[in-house]
Each structure stands twice: as C-alpha cells, then as structure tokens.
Amino acid sequence: MERARDRAVEQAAERYGSPAPDRDDDRAPGGPPPEPPSGASPAGNPPLGDYEDRAAGWPAGRPAEPWTDLELLVHGVGGTTPEKMLGDPRTVRVSGDDTAAVFRRAEDVEDTGRNEDTGDARAAGPAAGREPRGGPVREAYVWCNLTSGDGSRALWLLLLPFMVVNLAHWMRPAAPDRPRTVRLYGLLVRLTALTLTVLLVAAVCEVALDLVAWQCASAPACVRRHSWLGFLAPAAPGAPAGAGGWWSAPGRRLALAAVLPTALTGLLWYLSHRTWNAYESHRPLSPGADATERDADAGAVERGAGAEADAGSDADARPDPRGSALARPGFWYGRRLVSRLRAAHTAAGLLTVAAAVTIPATRFDRRPGGPAVLDALGWALLAALAAGAVAVVWVVCRRGRSERRLDRRLDRHLVRCLKLGALALLLLALLYTGWSRPGWQSAGRLPGDPAFGVLMLAQGLVVVALAVVARLLYRRRPDPSTGMRGLGGPAVALLACALGGVISGGVAQRVADWLDGTRALLAGPPTLLTWQASVIPPLIVVLLLLAAALAVRTARLARAERARVRQEHPGEPEDPSRTRAIAHARAMATLTDSVPLVVAVLTATTLLLGAVALAGAAATGKTPDGAAHRTPHLVQAVAETSQALGSWLAGVGFVLFVTWGRRAYKDAAARRTIGILWDVGTFWPRAAHPFAPPCYAERAVPDLTWRMVTWTRRTGGRLVLSGHSQGSVLAAAAAWQLPPSVRARVALLTYGSPLGRLYGRWFPAHFGPPALAALHRDICCWRNLYRRTDPIGGPVRVPAGTAPEVDHEPLPDPAAYGRTPDHPLPAPILGHSDYPSDPAFTRERARLLTRLLPGLPAQRPDPARSDSS
C-alpha cells in the first residue's frame, strides 16, 4: 500500500510539473472522462442540502483527470489582478460581480467547453482535438474590491477607532469552559464601543454647539472675522430689545447648530445600513439544515434559540466540538446583532445631541425667579433622556451573537421604537431649547464640560475591568504564544479610546485656532481636550526610544545572521553585500514578533498619560500652561511646549488624516494602500461596533464555500484551496464551513500565511493551537509554505501528534546565493511575495492532489490518540 502511494505521488509530481501530462491509460486525447458508476454521477444536480459523496464509486487507484482537478487561488493583502494570479493576460470571469468574482484563463474556459456557472451539467473535459493541459485547472478568487474598490472606501478612515475596538471583541483568550466570563468579556467590549460613539458625537457637538454657536457667535470680534456667522450674532450692547435676528437667541443658535451632529449620526446609520446590504447580507451555506429549518422564520426550534439568545447567552461562549467558532453555521451572518447595535448606537448619538442642547437651557431655567413651566418641562425632558440612555445600555447589554444557526430573525419593533423614540426626544429638546427666554446670554464655555471627563473616566474603568476578565480567561488555559498573555484585547480597546480622544481633541483644537487665531476672543475647548493633546509629545518620545531600541536589536540580529548565511552556502565565493542584504531581510522579518512589546509599551504609556491628563484637568480646571504658572521655570517650559506642540501635532495629524483620505478618494494606488489596513482590520464581523467598516469576510467566505461545494458536486473532482497571506485566513475560514463530504476532497495549501504568527497569537480563541489542530483533523490534507525573510508569513505550528506535518521546511530565499547556470542573474530576495515561483509550490500541490486520490485516501490521525498525546 505504501509503495503504491509513493508511486502515485511520483506520477502526480511528474504530471503536474511538466508542460504536457502523461496519460495513465490508452484513451485518445480529448476523450471524455471516465464515467462513474450508476448513482454516483458527478453530473447530477442534487439539492444543496444533499452533500453525499458523488465520487465514492470511482475506480480505485485511478487518479482523476487533470480537467477535474481545480486549484482555487485566493490572493492576500493589497489585492492583485486575475491576470497576475493566473499568469495569463487573457482571463474570463466565470462567476461573481464587479465587487468579488472568480476568474479563469480564457484557454481553460475554452478547453472545458463550458462555463460551469451557466448551469450546464455536462462533465468538464478538454475540447475536441486538444491535449489536456498540465496541472489542475486554476481559478482566481479576486476580493480586493471589497476593501479598496471605489472612492467611498477612503471615508472609512474616519471610522478607524470603531474598527480597532471591534477587533478587541475577537482577541479574547480561549476559555471554552467559562461561558459566563466570556459573555462578560463581550459585554464590556460592547460598552467600550458605545462610549466611542458618544465621544465622537460629543466632539462634534463641542465644535458646532460650543465653539461656533455658543462662543464665536456671541463675540462681535469673532463674528467680524467670520461673516457667515452674522445672522447668529446677538444685538450690540445698548441696542433696543429685539434688535438681534431671530436666530440670535442662544437656544435657537444651539438648536440650529445641532443639525451638524444629528446629520453625522444619521450618516453613520446610513453607511452601516448600506454597507450591510452590500457586503454582509450574503447568507452562508447551511450544511446541516434541511429546507424547512433553513427557510422557516418561526417555529419551535427558532423560538427556543431566539429565547435563549435574548436571555443574554452568547453562542460563542460555549465550546465548539470542531475547535473553533468559525465552523459554526451562523458565524458569518450576524445580521440580528448588527441591527440591534445599529439602533442602539444611533439612539445614543441622538440622545447625546439632545442632552447637549437641553442642559444649558435647564441650567438657565433653574435660576431663582425663572419660568416654572419651563423648569418643570426641563426636568421632565432630562428624566426622559435618562430613561432613553438606560434603554440604550440595556439593548447593548442584553444580547450577543448567535452563531450556532443562521439567525435571520430581526427585532423590528425594538429597533424601530428605539430610533424613533430617540429622534422624538431630540425634536422635543430642540423645541424646548429654542423657546424664547428673555435675558439669556451666552458667555464662557457651554455648560457640560465635565461630560468629557466623566466619559474618559468611564472608558478607563471599563478597560481596566476588561483587563481583569481577560486575565481570568487566560489563566484557565495559559498559552505562552498568546500575545501579551491574554491582555491583547484590553490593550487594543484602550488604544481605540485613545485614538478617539486624540481625534476629538485634534478637531476641537484646530477649529478653535481657526475661529480665534489670537486665542484672546474665545474661551476655547474644554480643558480636558487640551490636556489630552498635551500628552502627545511625551508619547511620541517614548515611541522614538522604543524604535531606537528595536533598531539596535535588529542590527545585532542582522550581524548574527551573516554567519548563518555564510554557513548555508559553503564552497561559494563570498559576497559581503549579498550576505548583508540576506541577513538584513531576515532580521527585519523578525520585527513582526516584536509587535506585542510595542503594543504593551504603547498601552502602558497611554494609560499613564491619560490618567495624568484626567487628574490634571479635574484638579486644576486649567490648561497645562495655566496650571504650571507658579511652578519652576523648567516645569513651565515643559508644560507650555507640550501644550503648543501637542495642539499643533493633533491638528496637523487630523489634517493629514483628511488629506490622505481625500487623496485615496481620487487615487486608486493610495486607496489600495489604505485597503491593506482594512484587509486586516475588517476581516472580523461587526460584533462590538455597528459603525465600524463592513466585514468583507461575510461576503468572501460564503463565496468560497459555495464555489467549492458546487464545483465538487458537479464534477466529483479534487480541489486545492490555495491561499496567500490574508487569503490563507479566508481559505481556512471557508474550509471550516465546508460539509464533511466536501472536505474529504479539498486540500489546503497556504503560503506566506499569518495564521500562526499573527492570528494564532492575537486571536487565540479562534485561531489558537487547538483550533488549528482541529482544522488539520477536519480537512483532508494541509501544507504550509513560508520563508525566513517573510515579515508576515510563518509556520502554522500545529501541535505535535497531528501527522502528517503541515509546515514545510523554510523555503530558500533568495533561490541562489550567487550566479549559477540556472540563475545567471542575481536572484531577488522575495520575502512575502511570489511563492508560486518556487519549485516547492508545484511539488507540494501535486502531493496534495495525490493524497486526495479516491482509491488511496490519506492516513488520518486518530483524534483520541492525538488528544492523549
């Protein structure tokens, strides 16, 4: 048996490594493929819910024909073209649309004599009179337009803090036996995300309501500098009553300025709703469900699952027998949760605007001798706003994700009532604030400055609680490979809050400087925002010191690598510059492994400086330079420099942020660069923040799953799912979603893969060693290629006892040290690119196809023996 298997491997390697394949029988070229026995025809068209093995009766020991072998290529970050993926300028789209599609070489489409996606049930085969081509038919799945397609993607830069906090939800440690703690972790992340929405809307309220409508519009000198505010200016001192315009009353100015934050909230709701329909509304395959269960929206099973979810039970809190939640049928379909969170965050934004316009009016009405009716209405409105805030928090805390089934039920009444109720309260608040109040004048800052301090304190407390919960989860199943010992999620959540604070402070500082260049007319933004901007220079100093330390360590590692490079090429003339280049590439590739250190230092510094800013603003009530007025000269100089430089850096950073987005809107190359950021950050579903950029995997994973299932069902052939870089993550996610009979004829080939190096480290609950070991047991065969010069890809490191091994030994890079007959010109250092050019790629693909032979199934490990070992 072993001898026959080895011979089959050699034959497949010869076939797929040569231009013309060797035929193993005496059929004429271009003849039809062998017909399977009765009842097992690959040309059948059973319903999608029926996945029995259609090729179970193929003759034992006979490999499938080349035209029934398929290699499905999935590209990585940054995107590429189908022409480059397939190595042919003539490609044809065989399935999909302008956003994501599957392509083939035009020659392959002509050879097969049909387009499989037209529904033609004839077996695939070469056209008459043509020789079958060497190797499997190749298809390219191009998904780059999901993240860098049109110019509107550039606007997603404004949603960066939301994307970062959404990542924190998926970075929890693996602890399948602690469901209550897992649910608490998800709850705390959702609360952190809610505070970010409130912070963004509050920052826009600070700019529109406080700086523009309250401060600048009431200062004659500021109005003269900005004539477009003239209709808001109050009457000059000594003018007769009613001399000012109708909009000059403070309450009406606030009501008019509230249009801007309200419009922003509506825009966020619209973008979230629109992107859901465009990206995430594609339903994944349900391999274990019959038609009744898939199509019914009601019934006993549906009601029972919905009641369990409404009771606050997150589906991902319970262990999955297949090792990862990515194997669950409903993992890539979170419509119900996103709908609820979208309604809650929209209501939170509207209630924030309502509170910003109501609080100044109620403070004026509470003065001695004020109107009793307005005072009573103000108290009632504040009570209603508080009740609305409680309802929003209840909706956010009530329910997590349902992943064990396709949860298509929507809480329509709750979603509609929550949004409409918040909008009604906002309209009442605008009417109440705009009511005529003789004698009301605006002076100083808008009442409500402490709100930013309370919000920042709440974020800090929630993040600290999240760190405690994450540590408890990590201690249940400690894994040294986990990033930051399980604290990666809280660290990322804190960085999201800091990023939101810096953006808010930068916008407020720049607008204040624009309105009042002399800084003598206006009181300016809240002191806390000034303190937040002032801690930016110390943070940059810490990062520069850390970068210097990493540079020194990388230089030392490069010197050590030079000796290894020379030892790897004995007998060849030494080229010092070549040796340095190879050693430098290897040393630079190791910087990826220093990311946990960078995140830890950045998080600790941010937490410390944030606490100093909050304490300084609360204790002094002054800006940093004002608080240091009576201190030694050195302290005064440091405070003044930090405040001025921080304000400038925050403002310039925001301007560069917007400029980059504007350039990306017009420049496809820049948009593709920004798309790399979204390729990594938007892989995960929107489980914490509904306004985060959309999850492209909720479109890509169903696309890949449907393609593999329909192709194997129609042809009965073998399939190699070939993923590079981020494409390997999509490939693994799609492989988890396949039904068992399809997984039996699908092999996984990954190269330059971050599955173990990045995803296993930062997302241990879903890509940790137990999850990858379970994927290896589920999929028929898997091989992983990597290079030491690759800064992204690396070994998967599936735990021992799950033979055959997944990781190939490191591929040589460059292919040759010096000039050789095979490489007369210097071979380039490829790093993360061009893996298919290595001969090992073709060889390993052929071996994977051979291990998929129907008559020679690969030896699978015993799960019980693997677990016991």
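For clarity, every value in this text was computed on a predicted model and none was experimentally measured. Because only heavy atoms are used, hydrogens play no part in the values below, and waters and symmetry mates are left out as well, while side chains stay in.
A donor-acceptor pair under 3.5 Å is formed between the side chain of Arg819 and the backbone N or O of Pro824. Between the His569 side chain and the Gly818 main chain, no donor and acceptor come within less than 3.5 Å of each other. Remark: side-chain polar atoms of Asp838 are not paired, donor with acceptor, to backbone N or O of Leu811 under 3.5 angstrom. Side-chain atoms of Ser642 do not come within 3.5 Å of backbone N or O of Ala639 as any donor-acceptor pair. Without hydrogens or angle criteria, Asp813 side chain to Ala585 main chain gives no donor-acceptor distance under 3.5 Å. For Arg797 (side chain) and Gly756 (main-chain N/O), no donor-acceptor pair under 3.5 Å exists by modelled atom type. Thr750 contributes no side-chain N or O that, together with a main-chain N or O of Ser753, makes up a donor-acceptor pair within less than 3.5 Å. Remark: side-chain polar atoms of Arg847 are not paired, donor with acceptor, to backbone N or O of Thr842 under 3.5 angstrom.
Between Thr682 and Met163, the closest side-chain pair of non-hydrogen atoms falls below 4.5 Å. Taking 4.5 Å as the limit, every side-chain heavy atom of Gln459 sits out of range of all side-chain heavy atoms of Thr192. Contact of the Pro754 side chain with the Ser728 side chain is registered, since non-hydrogen atoms from C-beta on lie closer than 4.5 Å. With a 4.5 Å cut-off on side-chain heavy atoms, Ile829 and Ile582 count as touching. You'll find the side chain of Leu749 stays beyond 4.5 Å of the side chain of Leu721, heavy atoms only. Side-chain contact between Pro173 and Arg477 is absent, with no heavy-atom pair separated by less than 4.5 Å. Contact of the Thr195 side chain with the Val462 side chain is not registered, since no non-hydrogen atoms from C-beta on lie closer than 4.5 Å. The shortest side-chain heavy-atom distance between Leu72 and Val720 does not fall under the 4.5 Å cut-off.
Residues Asp822 and Thr820 have side chains that never bring a donor and an acceptor to within less than 3.5 angstrom of each other.
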Assess whether side-chain contact (heavy atoms from CB on, under 4.5 Å) is satisfied between Gln726 and Tyr759, documenting all intermediate values.
-> CA-CA 10 Å; Gln726 187 69 15; Tyr759 278 79; 2.7 Å; yes
Are Ser722 and Tyr751 close enough, and set up right, to give a side-chain contact (heavy atoms from CB on, under 4.5 Å), and what steps lead you there?
-> CA-CA 8 Å; Ser722 178; Tyr751 39 100; 2.9 Å; yes
Where do Leu73 and Glu71 land on the side-chain contact (heavy atoms from CB on, under 4.5 Å) test, with the steps shown first?
-> CA-CA 6 Å; Leu73 299 163; Glu71 181 185 9; 3.3 Å; yes
Yes or no on side-chain contact (heavy atoms from CB on, under 4.5 Å) for Trp762 and Met484, after CA distance, side-chain angles and deciding distance?
-> CA-CA 9 Å; Trp762 293 104; Met484 298 181 62; 4.1 Å; yes
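Contact check on Asp790 versus Arg757 returns no salt bridge, with no Lys/Arg side-chain nitrogen under 4.0 Å from an Asp/Glu carboxylate oxygen.
Considering all non-hydrogen atoms of both residues, Ala325 and His766 come closest at CB-CD2, 3.8 Å. What you find for Pro764 and Ala174 is that their closest heavy atoms are O-CB, 3.8 Å. Minimum heavy-atom separation, Leu196 to Ala496: CD2-O, 3.7 Å. Looking at every heavy atom in both residues, Ala733 comes nearest to Leu326 through CB-CD2, 3.9 Å. In terms of heavy atoms, Leu528 sits closest to Leu614 at CD1-CA, 4.0 Å. What you find for Asp807 and Val798 is that their closest heavy atoms are OD2-N, 4.5 Å.
Distance check, rounded to the nearest 0.5 Å: CG of Leu550 to CE of Met588 gives 10.0 Å. With values rounded to the nearest 0.5 angstrom, Cys781 atom SG is found 8.5 Å from His776 atom NE2. The OG1 atom of Thr592 sits 6.5 Å away from atom CG of Leu758, with the distance rounded to the nearest 0.5 Å. Taking OG of Ser837 as the start and CG of Leu830 as the end, the distance is 5.5 Å to the nearest 0.5 Å. Considering CD1 of Ile503 and CG of Leu199, their distance stands at 9.5 Å, rounded to 0.5 Å. Remark: Leu159 CG to Asn166 CG distance equals 11.5 Å, nearest 0.5 Å.
Under the rule for a ring-ring contact (aromatic ring centres under 6.0 Å, His included), the partners of Phe162 that lie at least two apart in sequence or sit in another chain are His689.
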Show which side-chain atoms of residues 466-475 pair as donor or acceptor with protein atoms under 3.5 Å away, not counting sequence neighbours.
{"residue": "Arg471", "atom": "NH1", "partner": "Arg485", "partner atom": "O", "Å": "3.1"}
{"residue": "Tyr474", "atom": "OH", "partner": "Asp479", "partner atom": "N", "Å": "3.4"}
{"residue": "Tyr474", "atom": "OH", "partner": "Asp479", "partner atom": "O", "Å": "3.0"}

Please tabulate, for the side chains in residues 595-612, all donor-acceptor contacts under 3.5 angstrom to protein atoms that are two or more places apart in sequence or on a different chain.
{"residue": "Thr603", "atom": "OG1", "partner": "Val599", "partner atom": "O", "Å": "2.6"}
{"residue": "Thr605", "atom": "OG1", "partner": "Val601", "partner atom": "O", "Å": "2.8"}
{"residue": "Thr606", "atom": "OG1", "partner": "Leu602", "partner atom": "O", "Å": "2.6"}

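Each salt bridge (Lys or Arg N to Asp or Glu O under 4.0 Å) pair with one or both residues in residues 561-574, not counting sequence neighbours, appears once here: Glu561-Arg564, Glu561-Arg586, Arg566-Glu574, Glu568-Arg586, Glu568-Arg788. For residues 528-538, the pairs satisfying side-chain hydrogen bond (donor to acceptor under 3.5 Å, both in side chains) are Gln509-Thr530, with sequence neighbours left out. Within the structure, side-chain hydrogen bond (donor to acceptor under 3.5 Å, both in side chains) contacts touching residues 537-557 (residues at least two apart or in different chains) are Arg553-Ser594.
For Trp143 and His75, the ring centers are positioned less than 6.0 Å apart. Taking the centre of each ring, Trp736 and Phe331 stay at or above the 6.0 Å mark. Ring centroid separation for the pair Tyr835 and Tyr786 does not come in under the 6.0 Å cut-off.
Heavy-atom contacts from other residues, nucleotides or ligands closer than 6.0 Å to NE2 of His584 number 12 or fewer.
Aromatic ring orientation, Phe683 versus Phe767: tilted (interplanar angle from 30° to 60°).
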